[in-house]
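All ligand and atom numbering here is 1-based and tracks the order in the structure.
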Amino acid sequence: MREKLKCAVIGATGMVGQRFLTLLENHPYFQVTGVVASPRTAGKTYEEAVSGRWKMAVPIPEEVRKMVIINSENIDEVKAIADFVFCAVDLPKDETRALEEAYAKAELPVISNNSAHRWTSDVPMVIPEINDNHLEVIESQRKRLGTTKGFIAVKPNCSIQSYVPMLTPLLKYGLKKVLVTTYQAISGAGKNFETWPEMVDNIIPYIGGEEEKSETEPLKIWGEVRSGTIVPAKDIVITTQCIRVPVTDGHTAAVFMSFENTPPRETILEEWAGFRGVPQILELPSAPKQFITYCEEDNRPQIKLERNLYNGMGISAGRLRPDTLFDYKFVGMSHNTLRGAAGGAVLIAELLARQGYLD
Ligand code: NAP
């Protein structure tokens with residue numbers, strides 16, 4: 001690429017925002033030129049604003065330490081210093097939707113971690129290895145918004161990265177029924193054991209809204225582009241239970257699946273081993289060399305051993321075997337705040353940059 005694209009992070013002081021800043025430090029394509037948050041913290045330097053709430057294991061990147069936080073309402077100020085924005089804010093859905101649209105209409109592309117626009121039919125919801133073709137709806141979205149450059153692209157919920165990658169190359173065998181139980185880390189709720197001591201030695205069998213997202217978002221990811229919108233896949237039924245477990249980072253999924261034309265086990269393993277997407281072909285900076293890594297050992301994948309595979313961007317799987325009620329079962333795992341949140345959004349931005357959408 002020629003010179004680096006300038007980006008601002010909206011929600012820069014939050015858990016996902018902090019992760020963005022650490023991932024973007026010394027990024028080969030992007031340079032952080034702005035930190036944006038609510039009117040509560042606007043005007044403070046970044047280090048003042050996150051004092052006592054910096055949650056990353058590495059220090060605050062030097063390039064942002066002294067930056068003054070911009071109020072997210074001041075879009076012109078952000079536009080003056082950035083080519084595009086990442087967004088991860090803790091706001092009611094309608095306010096997030098309005099905020100993201102206002103930035104897009106101001107000709108600043110928005111790459112979002114929020115759920116507000118996931119079901120807008122001309123907004124691509126992307127796992128770059130799986131549905132990069134959905135980016136083509138950006139043209140019709142730009143027409144709707146009346147923009148030449150601005151648009152919104154989103155990443156899906158963190159839970160689905162632990163099973164959708166393994167199911168995708170098996171769609172061609174007539175995948176029809178999927179049952180998933182997810183075991184989700186506390187960082188997914190923006191917490192650690194200090195801020196959520198009740199989670200030590202505990203399990204909570206409820207995560208608000210998560211089961212609905214986990215059952216429906218894969219259908220949009222597998223959907224078809226028709227007349228500038230994404231039409232979700234039909235004929236695949238997914239049922240889920242989502243459970244909060246005492247783990248810092250990393251979501252695990254226990255998955256059962258049935259097919260119309262059941263493939264042999266060896267075929268499934270070959271499909272997983274050979275699954276390469278555009279990020280691998282283009283060698284995008286955040287792309288894992290191997291998208292799905294299958295662990296042969298019976299006691300893998302394990303959170304502590306596999307979550308940081310390829311800097312937290314690799315997906316791991318194990319224990320593929322026949323089942324008594326379904327055709328097969330397996331266990332999947334992904335890092336929820338890297339692949340499942342900020343890292344996934346950075347990978348989308350890298351893809352968009354290479355395909356010319358951010359120029
Ligand atoms: P968080 O730690 O509570 O941070 C919230 C951020 O939103 C803060 O930077 C806050 O800024 C900012 N904010 C609030 N109101 C704002 C406004 N009016 N304008 C601009 N910024 C505003 O939340 P989080 O865990 O990072 O999550 C952020 C979003 O990402 C949520 O939509 C969440 O669902 C999604 N997400 C989170 C995860 C995860 O693993 N945690 C994974 C996937 C998606 P102030 O400091 O000024 O209050």
Does the protein put a heavy atom less than 4.0 Å from atom 38 (C) of ligand 1?
-> yes
Return the option from A88, A12, A42 holding the heavy atom at the smallest distance from atom 6 (C) of ligand 1.
-> A88
Polar contact flag, side-chain donor to acceptor under 3.5 angstrom, T96-N114 = no
Aromatic centroids of Y310 and F291 separated by under 6.0 Å | no
N114 to ligand 1: N or O pair under 3.5 Å?
-> yes
Note: heavy atom closest to atom 41 (N) of ligand 1, options G344, A341, S187, belongs to S187
Could an N or O of ligand 1 be found under 3.5 Å from any N or O of K155, whether backbone or side chain?
-> no
Residues T248 and R307: side-chain donor-acceptor under 3.5 angstrom = yes
Is K191 near ligand 1, meaning one of its heavy atoms is under 4.0 Å from it?
-> no
Of V89, N113, L99, the residue with the heavy atom nearest atom 35 (C) of ligand 1 is N113
Do ligand 1 and M15 have nitrogen or oxygen atoms that lie under 3.5 Å from each other?
-> yes
Is S72 touching ligand 1 with its side chain, its backbone, both, or neither, if touching means heavy atoms under 4.0 Å apart?
-> side chain
For ligand 1, does K44 get within less than 4.0 Å through its side chain, its backbone, both, or neither, judged by non-hydrogen atoms?
-> neither
